[in-house]
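What follows is a single structure, written as structure tokens, with notes after it.
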Amino acid sequence: MIETERLILRNYRLDDLEDYWEYVQMPNVGPRCGWPAYTDKEKAKERLKFETTRPLQFAIELKDTHKVVGSIELMEPDENTKTEENTKEIGCLLSENYWGKGIMTEAMRAIVKYGMDELKLDEIVAGYFTPNVASGKIQLKAGLKPFKTVKDMIVWYETGKYCDGVVCKITRQEYLDNPIYQNLQIKAKDTKLRLEEKL
């Protein structure tokens with residue numbers, strides 16, 4: 001579990017189903033990540049069961065309401081996207097109802113900090129499809145910079161035409177040099193893990 005100013009990042013639970021179902025059926029959430037919106041609640045429930053088994057898959061919970069509004073994960077990267085052996089890739093999504101509030105930037109910075117300090121990663125990568133400009137901006141705010149373009153990666157759901165994918169990354173040295181992370185303090189779960197500075 002990771003705590004920030006406004007968020008708790010923790011593993012999914014089966015009782016998250018109602019919140020989970022709310023955003024996985026939204027028309028602009030899954031498709032922006034490359035998968036179709038869910039239309040069957042039972043299938044969404046089965047997917048949630050799987051998500052609960054993934055230790056580095058974090059539900060994004062709002063501290064004030066305890067509502068789960070999305071997720072962020074550190075997963076194994078595609079071999080074509082990493083330049084270091086000790087690398088994880090960020091995957092994330094957020095309910096449409098909470099876009100534009102800085103929530104994903106806060107979550108992504110926390111997960112980068114966790115990956116570098118706790119998992120001792122050498123590199124963290126993330127990607128976005130070129131029409132998803134907002135995702136690219138969030139990655140930049142978290143210190144990840146574009147380094148590779150994959151041509152004609154996916155048929156973009158809004159246009160029905162192929163679009164490119166952009167891969168971004170932050171290396172350990174870039175992380176250490178970034179003032180955003182120099183000022184963040186993170187503690188382990190058993191010492192009431194917390195980010196001391198506002199993100």
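- The backbone N or O of Leu94 sits less than 3.5 Å from a side-chain atom of Trp99, completing a donor-acceptor pair.
- Heavy-atom neighbours of Lys41 NZ from other residues, nucleotides or ligands within 6.0 Å: above the threshold of 12.
- Salt bridge Glu61/Lys67: absent, no basic N to carboxylate O contact under 4.0 Å.
- With respect to Glu123, the salt bridge (charged side-chain N to carboxylate O under 4.0 Å, His left out) criterion is satisfied by exactly one of Lys82, Arg172, Lys169: Lys169.
- Judged by distance alone, the side chain of Asn11 and the main-chain N or O of Phe58 form no donor-acceptor pair under 3.5 Å.
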*Check step by step if side chain to side chain contact (heavy atoms under 4.5 Å, CB included) holds for Asp78 and Val167.*
CA-CA 11 Å; Asp78 186 284; Val167 182; over 6 Å; no
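- Hydrophobic clustering of Ile, Leu, Val, Met, Phe, Trp and Tyr side chains at less than 4.5 Å, counting indirect connections, keeps Val125 apart from Ile72.
- Using modelled atom types and a 3.5 Å distance limit, the side chains of Glu22 and Ser95 yield no donor-acceptor pair.
- Of the charged side-chain nitrogens involved, at least one lies within less than 4.0 Å of a carboxylate oxygen, so that Glu46 and Lys49 count as a salt-bridged pair.
- Counting heavy atoms from C-beta on, the side chains of Leu144 and Val112 come closer than 4.5 Å.
- There is a side-chain donor-acceptor pair under 3.5 Å between Gln173 and Asp177.
- Between Arg32 and Glu158, at least one side-chain nitrogen of the basic residue sits less than 4.0 Å from a carboxylate oxygen of the acidic one, meeting the salt-bridge criterion.
- In the hydrophobic clustering of this structure, Leu93 does not group with Ile8; members are Ile, Leu, Val, Met, Phe, Trp, Tyr whose side-chain heavy atoms approach within less than 4.5 Å, directly or through other members.
- Ring geometry for Tyr181 versus Tyr175: interplanar angle of 30 to 60°, hence tilted.
- Both Trp35 and Leu48 sit in one connected hydrophobic cluster of ILVMFWY residues. Membership requires side-chain heavy atoms under 4.5 Å apart, directly or through other members.
- The shortest distance between side-chain heavy atoms of Tyr38 and Lys43 falls below 4.5 Å.
- The two residues Trp21 and Ala44 make their nearest non-hydrogen contact at CE3-CB, 3.7 Å.
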_Verdict with supporting geometry, Asp164 and Val150, side chain to side chain contact (heavy atoms under 4.5 Å, CB included)_ = CA-CA 6 Å; Asp164 298 343; Val150 181; over 6 Å; no
_Val166/Met153 under side chain to side chain contact (heavy atoms under 4.5 Å, CB included): CA gap, chis, key distance, verdict_ = CA-CA 9 Å; Val166 178; Met153 191 173 188; over 6 Å; no
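- Distance CZ/Phe147 to OG1/Thr83: 5.5 Å, rounded to 0.5 Å.
- Rounding to the nearest 0.5 Å gives a distance of 12.5 Å between CD of Glu84 and CD1 of Ile124.
- Note on Arg47 versus Glu42: no salt bridge recorded, every NZ/NE/NH1/NH2 to OD/OE distance being 4.0 Å or above.
- To the nearest 0.5 Å, atoms CG (Asp152) and SG (Cys163) are separated by 8.5 Å.
- Two residues are said to be in side-chain contact when any heavy atoms from C-beta on lie closer than 4.5 Å; Tyr128 and Cys168 meet this criterion.
- Remark: Leu7 CG to Met104 CE distance equals 9.0 Å, nearest 0.5 Å.
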*Give the intermediate values and the outcome of side chain to side chain contact (heavy atoms under 4.5 Å, CB included) for residues Ile180 and Arg109.*
CA-CA 8 Å; Ile180 292 171; Arg109 287 177 175 176; 3.6 Å; yes
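- Defined by atom type and a distance below 3.5 Å, a donor-acceptor pair is missing between the side-chain atoms of Lys148 and Thr81.
- The closest side-chain heavy-atom distance from Ile111 to Ile90 is below 4.5 Å.
- Nearest heavy atoms, Cys33 versus Phe129: C-CE1, 3.8 Å.
- Although no hydrogens or angles enter the test, the distance criterion places a donor-acceptor pair under 3.5 Å between the side chain of Lys63 and the main chain of Thr4.
- Inter-residue side-chain proximity for Glu18 and Val68 is flagged as unmet; no heavy-atom pair is nearer than 4.5 Å.
- When hydrophobic clusters are built by joining Ile, Leu, Val, Met, Phe, Trp and Tyr residues whose side-chain heavy atoms come closer than 4.5 Å, directly or via intermediates, Leu119 is grouped together with Leu176.
- Remark: Arg54 engages Glu73 in a salt bridge, criterion side-chain N to carboxylate O under 4.0 Å.
- In this structure, Arg6 CZ and Ile60 CD1 are separated by 11.0 Å, a value rounded to the nearest 0.5 Å.
- The shortest heavy-atom contact between Thr53 and Phe50 is OG1-O, 2.6 Å.
- Under a hydrophobic clustering in which Ile, Leu, Val, Met, Phe, Trp and Tyr are joined whenever their side-chain heavy atoms come within less than 4.5 Å, directly or via other members, Leu9 and Leu74 fall into the same cluster.
- A salt bridge links Arg10 with Asp16: the closest approach of a Lys/Arg side-chain nitrogen to an acidic carboxylate oxygen falls below 4.0 angstrom.
- Rounding to the nearest 0.5 angstrom, the gap separating the CG atom in Leu140 from the OG1 atom in Thr105 is 10.0 Å.
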*Please test Glu106 against Lys141 for salt bridge (charged side-chain N to carboxylate O under 4.0 Å, His left out), starting from the C-alpha separation and ending with a verdict.*
CA-CA 9 Å; Glu106 189 169 328; Lys141 289 178 181 178; over 6 Å; no
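- Taking each heavy atom of Thr87 and Glu76 in turn, the nearest pair found is O-OE1, 4.5 Å.
- Across all their heavy atoms, Ser71 and Tyr12 have their closest contact at CB-OH, 3.1 Å.
- The two atoms that bring Ala37 and Met26 nearest to each other are CB-O, 3.6 Å, heavy atoms only.
- For Glu174 (side chain) and Thr171 (main-chain N/O), a donor-acceptor pair under 3.5 Å exists by modelled atom type.
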